[in-house]
Number of protein chains: 2
Amino acid sequence: MSLDHHVPGIVDVAAKAGVSLSTVSRVLSGRTRVSDALRAKVEAAVAELGYRPNAAAQSLVSGRRSTVAVFARNTIRYGYAATLQGIEEAARAAGYVVLIAVVESADPDDISRAVNTALSHPLAGAIVIEFDKVGVETLAALPPSLPVVAAAGARRAAGDTPHAFLEDAAGGYEATRYLLSLGHSTVHHLAIPATRPRSGRAWGWRKALLEAGATVPPIVQASYSPTSGYDSAQKLTSDPSITALLCGNDELAIGAARAFQENGRRVPEDVSIVGFDDQPFARMWMPALTTVRQDFVDLGRRTFGLLEEWLAQGRRPADSAVTPTLIVRESSAAPSQERATA
Amino acid sequence: MSLDHHVPGIVDVAAKAGVSLSTVSRVLSGRTRVSDALRAKVEAAVAELGYRPNAAAQSLVSGRRSTVAVFARNTIRYGYAATLQGIEEAARAAGYVVLIAVVESADPDDISRAVNTALSHPLAGAIVIEFDKVGVETLAALPPSLPVVAAAGARRAAGDTPHAFLEDAAGGYEATRYLLSLGHSTVHHLAIPATRPRSGRAWGWRKALLEAGATVPPIVQASYSPTSGYDSAQKLTSDPSITALLCGNDELAIGAARAFQENGRRVPEDVSIVGFDDQPFARMWMPALTTVRQDFVDLGRRTFGLLEEWLAQGRRPADSAVTPTLIVRESSAAPSQERATA
DNA sequence: TTGTATGCGTTATCAT
DNA sequence: ATGATAACGCATACAA
């Protein structure tokens, strides 16, 4: 009945129901007893008015926050997007809303800008997707007063920010062992950028090689994209001693596969190629890609779970690991006889 | 110096600077003249205290909102994720923050739950990624009082919600004409779910076929995933009259390509396969995928631009189209001679 | 069990 | 140009 586009507030509900402000508030929060009669009247008024609580006002007065910020370098790439999806899913189930803040680069300006705008909103806590340097820096820039957890690409130092992480060192180790068991004398590695030394896929790869007494070839550094994989693999295609290549992700793997194939090296007859992640396209690849599956959605869910636990229990939760699994498909095989005997 | 984990407010700044509340507010908003002397003192206090304005309190009293909600069916799939990225980028540049609300299904419960939780926060406006039925329904569920714009997969009816959209009918048309020009007698279509009749990729495909006087084969319906493409294409692989297949997206295309190849039909020698989107993996495919590129990031940026314009000008903006481009690569070719003469 | 009064951090209005 | 004060919508301590 208001003249303007008036958004109904708790006062309007109270008026319509013929009760006081506080009664309405109590009915809505449900934390105090209210007689059935009044409760019914209030609920009717709420429905009729289409009343929606104002979260801003709520958090202002109660200090209770219902939004969590997710800081991420990007939202497109598979791992990031899937992690975000998992976080959102868990957050929504728990009654939280997620605010997404992409941090363009590790430039302190970009970081503090992202942090400042996000923190000006009432946050219950923050999650940073720490798959890269930007994530590491963002983590460092967040105030200690805010509950912060991380979705990490690899285990972080203990005593640090609580985090859920991918046991990707284990994945790299398993994939390398598998390749070695096929008869390859060593395995090369086409790597994504590392966030931490002595951890991650590359670390597991190295460990497997050392244990087997195989030579550890120099790591070939790439970025994340298929083109980067293609370009970086070029320098390897002419070396016939390379018979197995472990790639930091599936995109690198398909880029590398193309590079080899264009040079007349067949996959897997001449070179075995193994990826990481198991993106949806991997199993449709020709040949279907052998890869280390990482469940990013689960990682996201767990990460939010950590934050939720922290908020509920009031103390920092224990870290949580998600284990990758090797999916053997068509892009890997024993080295061809001719090479083996060569 | 506060005993507790006290978050500094405008009062603390005022006290430290030795000025009144209002002066601090004025310095921060910058909308009123303040003497340089006081301004300097305030700025020093702000820096020293690490003061951050409380957006909740601001929007509560001023009615000015700085967050926009994005409703989407999902955040993983390429088109959605890239659109989100574009939206976020533009929003951040304009000083807005984005809240992501994924809507699980078209179930009214899921929709109203998502809408309610998002709308309980102070929103400047909302954006719905309307690539599917869920998006269409969500759009319908949003209150008319809120500025809402859409990022659409195809042009919507006029007079409707302002939207930026992919001219994908044009893309379907161009791709089909291209295939026809290669000498294929007709083109089959493996479709993603349609949101609207008489629009979209399928509509353009149909138009090109009709114009050329070619027969219009029944549409083969698929979902979005590579496996769906693979499964749905199975029934086509044994039909030698099929020499060209236009797929609703790249994932379908690679699934279909595998299905054909497993059945001994070579790509492109026996069947030409064309995708849609130009996802990063497309150019690395073997053979590299001919596809219709759609710039989702740009779509996202434009969509936010629409909302921004609406908010600034106070009136609904005009729709905005993003044009796809056909990228010819290796997966398409003229039909083989044997078939042509058969 | 219900109602009244106070205040959360900020901007806007009104004085000075 | 600057300061005092009233709201914004809601939760809660306190009074009834």
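Values in this document were obtained by computation on a predicted structure and should not be read as measured data. Residue numbers begin at 1 in each chain, while the letters A, B, ... track the order of the sequences.
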Covered region of DNA chain C, 5' end to 3' end, by chain B [heavy atoms, under 4.0 Å]: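 Contact span on the strand: C:dG9 to C:dA12.
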Kindly write out the residues that satisfy salt bridge (charged side-chain N to carboxylate O under 4.0 Å, His left out) with B:E88, not counting sequence neighbours, or none if the list is empty.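 Result, salt bridge (charged side-chain N to carboxylate O under 4.0 Å, His left out) vs B:E88: B:R92.
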Who are the salt bridge (charged side-chain N to carboxylate O under 4.0 Å, His left out) partners of A:D132, not counting sequence neighbours?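 In terms of salt bridge (charged side-chain N to carboxylate O under 4.0 Å, His left out), with neighbours along the sequence ignored, A:D132 is linked to no residue.
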Hey, could you give me each pair passing side-chain hydrogen bond (donor to acceptor under 3.5 Å, both in side chains) that has a residue in residues 28-39 of chain A? Not counting sequence neighbours.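 Non-adjacent pairs meeting side-chain hydrogen bond (donor to acceptor under 3.5 Å, both in side chains): zero.
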What residue pairs, at least two apart or across chains, pass salt bridge (Lys or Arg N to Asp or Glu O under 4.0 Å) with a residue in residues 142-155 of chain B?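 Only B:R155-B:E167 qualify under salt bridge (Lys or Arg N to Asp or Glu O under 4.0 Å).
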How large an angle, rounded to 10°, do the end axes of the helix from C:dT1-D:dA16 to C:dT16-D:dA1 enclose when each is built from five base pairs?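 Axis angle across the helix from C:dT1-D:dA16 to C:dT16-D:dA1, nearest 10°: 40°.
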Can you sort out the partners of A:A56 under side chain to side chain contact (heavy atoms under 4.5 Å, CB included), two or more places apart, ordered by chain and number?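 Checked A:A56 against side chain to side chain contact (heavy atoms under 4.5 Å, CB included); matches are A:N54, B:A56, B:S59, B:P122.
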For B:A93, what residues pass the side chain to side chain contact (heavy atoms under 4.5 Å, CB included) criterion, not counting sequence neighbours?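 By the side chain to side chain contact (heavy atoms under 4.5 Å, CB included) rule, B:A93 matches no residue at all.
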Find the distance between CG (A:L38) and CZ (A:R26) and round it off to the nearest 0.5 Å.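 Here the rounded value is 10.0 Å.
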Nearest-0.5 Å distance that lies between atom OG1 in B:T23 and atom CD1 in B:I10: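 The OG1 atom of B:T23 sits 9.5 Å away from the CD1 atom of B:I10.
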Can you sort out which residues in residues 41-61 of chain A have a heavy atom within less than 4.0 Å of DNA chain C? Ascending by number, please.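 Those residues whose heavy atoms fall under 4.0 Å from DNA chain C, taken from residues 41-61 of chain A in numerical order, are A:L60, A:V61.
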Heavy atom of residues 15-28 of chain B under 4.0 Å from DNA chain C: which residues?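 Those residues whose heavy atoms fall under 4.0 Å from DNA chain C, taken from residues 15-28 of chain B in numerical order, are B:S22, B:S25.
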Does some side-chain heavy atom of A:E130 sit less than 4.5 Å from a side-chain heavy atom of A:T161?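 No - every pair of side-chain heavy atoms lies 4.5 Å or more apart.
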Heavy-atom pair with the smallest gap, counting every atom of A:I111 and A:A141: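 Minimum heavy-atom contact is CG2-CB, 3.5 Å.
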Could you report the tightest heavy-atom contact between B:G9 and B:Y51, atom names first, then the distance?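 Heavy atoms only, the tightest pair is C-CE1, 3.6 Å.
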Please determine whether side-chain contact (heavy atoms from CB on, under 4.5 Å) holds for the pair B:F304 and B:I127, giving the CA-CA distance in whole Å, both sets of side-chain angles, and the decisive distance to 0.1 Å. CA-CA 8 Å; B:F304 179 81; B:I127 295 178; 4.1 Å; yes
Donor-acceptor contacts, no H, no angles, side chain residues 310-321 of chain B, under 3.5 Å, sequence neighbours left out:
from	atom 1	to	atom 2	distance (Å)
B:D319	OD1	B:H163	N	3.0
B:D319	OD1	B:H163	ND1	3.4
B:S320	OG	B:R302	NH1	2.9

Looking only at atom types and distance, does a side-chain atom of B:R65 sit under 3.5 Å from a main-chain N or O of B:G63, one as donor and one as acceptor?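 Yes; judged by distance alone, with no hydrogens or angles, the pair exists.
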Between B:V34 and A:G9, which residue's closest nucleotide on DNA chain D lies nearer the 5′ terminus?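 Counting from the 5' end, the first nearest nucleotide belongs to B:V34.
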For residues A:F296 and A:F131, establish whether the separation of their ring centroids is below 6.0 Å.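 That pair passes the under 6.0 Å test.
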When you list every nucleotide of DNA chain D with an atom under 4.0 Å from a heavy atom of chain B, which one comes first 5' to 3', and which comes last?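 First-to-last contact on DNA chain D, by the 4.0 Å heavy-atom rule, is D:dA1 to D:dG9.
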